[in-house]
Amino acid sequence: MGSQSDPHAFAFSAAELEFLAEDETVEIVPNMRLEPLHLISGDFGPFRPQIATQVPLWLAVALKKRGKCTIRPPEWMSVEKLTQVLEAERDSEKFQSLPFHYFEISRLLFDHAREDIPDIYMVRSLIEDIKDVRFHKIGTGLEIISKEVTYALRLKNLSAMEANIVRPFVTKALQTFHKLNTSEAIPESGSIPSRQRQAVNQRDKRVLKGR
């Protein structure tokens with residue numbers, strides 16, 4: 001992450017977002033027997049062959065690399081569910097509800113468990129299409145912000161990746177609008193409002209005329 005003076009101070013790198021996504025839970029089907037694991041993040045297991053259990057994504061990937069399990073893709077990664085989401089995204093101005101780390105989770109599973117994902121090429125294509133549609137909505141929203149004075153913004157159902165892209169621009173834009181509004185509300189030091197100047201000039205003219 002950048003420093004506070006950096007316009008991208010609050011933006012995460014792709015690797016950092018992926019690291020955060022690894023704490024999300026997924027379901028695995030072990031092919032080995034192992035007693036429960038007592039970890040800082042919680043207790044997981046026991047692991048028994050062919051009995052599904054929930055574990056963090058990072059642990060699922062570690063076991064998968066060692067050939068100790070298969071990973072069951074989340075329900076939202078099915079072709080049917082993704083097709084419904086894509087159609088809804090195209091038909092509505094609103095963002096559809098997806099897991100906060102949907103993009104990072106899918107990338108990790110594509111990289112480490114591709115053989116466990118039914119219709120992987122279709123799933124990958126649908127996720128890319130969903131991402132593109134949502135990015136178009138974001139671009140349209142940012143264009144509106146850049147043209148209109150805005151003091152607050154609420155974006156519902158953004159994912160981690162999308163919020164990460166929007167945050168630096170929106171933060172800078174809102175700060176600029178706030179500064180402009182503040183500078184307009186406070187007159188420059190030493191300046192006299194036009195009505196007061198007019199009153200002073202009229203008073204001076206009356207004094208001169210009396211002489």
Side-chain angles (χ1 to χ4, degrees), residues 1-26 41 56-58 60-61 73-113 117 120-185:
M1 296 179 64
S3 63
Q4 292 291 337
S5 59
D6 187 345
H8 297 283
F10 300 103
F12 292 92
S13 68
E16 288 172 327
L17 288 177
E18 200 167 276
F19 176 79
L20 295 172
E22 289 178 340
D23 283 333
E24 299 292 325
T25 58
V26 293
S41 56
L57 184 52
W58 65 264
V61 170
E75 291 185 9
W76 60 266
M77 279 188 69
S78 69
V79 171
E80 180 183 0
K81 293 287 186 181
L82 291 173
T83 301
Q84 292 174 357
V85 171
L86 178 58
E87 291 175 352
E89 290 286 0
R90 287 172 171 168
D91 294 339
S92 173
E93 294 182 355
K94 297 180 180 179
F95 293 92
Q96 302 304 303
S97 178
L98 282 169
F100 189 55
H101 289 286
Y102 84 93
F103 191 74
E104 292 80 18
I105 292 172
S106 62
R107 277 185 53 177
L108 285 165
L109 294 181
F110 291 151
D111 290 343
H112 302 290
I117 303 173
I120 182 172
Y121 296 109
M122 180 62 72
V123 169
R124 188 196 298 269
S125 177
L126 286 167
I127 289 177
E128 286 295 326
D129 289 345
I130 290 170
K131 184 193 73 172
D132 291 342
V133 173
R134 291 168 70 97
F135 271 32
H136 177 72
K137 291 181 182 180
I138 290 172
T140 302
L142 294 182
E143 186 176 350
I144 294 173
I145 293 174
S146 65
K147 294 179 180 179
E148 299 179 3
V149 177
T150 305
Y151 303 103
L153 186 66
R154 182 179 182 182
L155 297 173
K156 189 177 180 180
N157 291 332
L158 283 187
S159 71
M161 172 192 62
E162 294 154 356
N164 193 55
I165 292 172
V166 170
R167 187 182 295 111
F169 177 87
V170 172
T171 300
K172 188 174 181 180
L174 293 179
Q175 288 175 345
T176 301
F177 291 146
H178 177 72
K179 289 179 180 178
L180 289 173
N181 184 60
T182 303
S183 63
E184 290 175 358

Rounded to the nearest 0.5 Å, what separation is found between the [atom1] atom of [X] and the [atom2] atom of [Y]?
X	Y	atom1	atom2	result
I138	L158	CD1	CG	5.5 Å
I117	R124	CD1	CZ	8.0 Å
L20	F12	CG	CZ	6.0 Å
I105	E18	CD1	CD	11.0 Å
N157	E162	CG	CD	9.5 Å

Quick one: closest heavy-atom pair of [X] and [Y], and the distance?
X	Y	answer
P73	L109	CA-CD1, 4.4 Å
A160	L17	CB-CD2, 4.1 Å
S13	E16	N-OE1, 2.8 Å
I127	S106	CD1-CB, 3.5 Å
Y102	W76	O-CH2, 3.3 Å
A60	V26	CB-CG2, 3.6 Å

Quiz prompt | Partner set under side chain to side chain contact (heavy atoms under 4.5 Å, CB included) for T83, not counting sequence neighbours | solution =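 T83: side chain to side chain contact (heavy atoms under 4.5 Å, CB included) contacts with V79, E87, L126.
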Quiz prompt | Neighbour count above 12 (heavy atom, 6.0 Å) for F19 CZ | solution =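 Count not over threshold, so no.
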Quiz item: Does a side-chain heavy-atom distance below 4.5 Å link T140 with H136?
Solution: yes
Quiz item: By side chain to side chain donor-acceptor pair (under 3.5 Å), which residues pair with Q84, not counting sequence neighbours?
Solution: none
Throw together a table of side-chain donor-acceptor distances under 3.5 angstrom for residues 89-99, partners on residues two or more places apart or in other chains.
| unit_1 | atom_1 | unit_2 | atom_2 | d |
| --- | --- | --- | --- | --- |
| E89 | OE1 | K137 | NZ | 2.7 |
| E89 | OE2 | Q96 | N | 2.9 |
| E89 | OE2 | R134 | NH1 | 2.6 |
| S92 | OG | K94 | N | 3.0 |

Self-check item: Chi angles and distances behind the salt bridge (charged side-chain N to carboxylate O under 4.0 Å, His left out) call for K131, E128
Solution: CA-CA 5 Å; K131 184 193 73 172; E128 286 295 326; 3.2 Å; yes
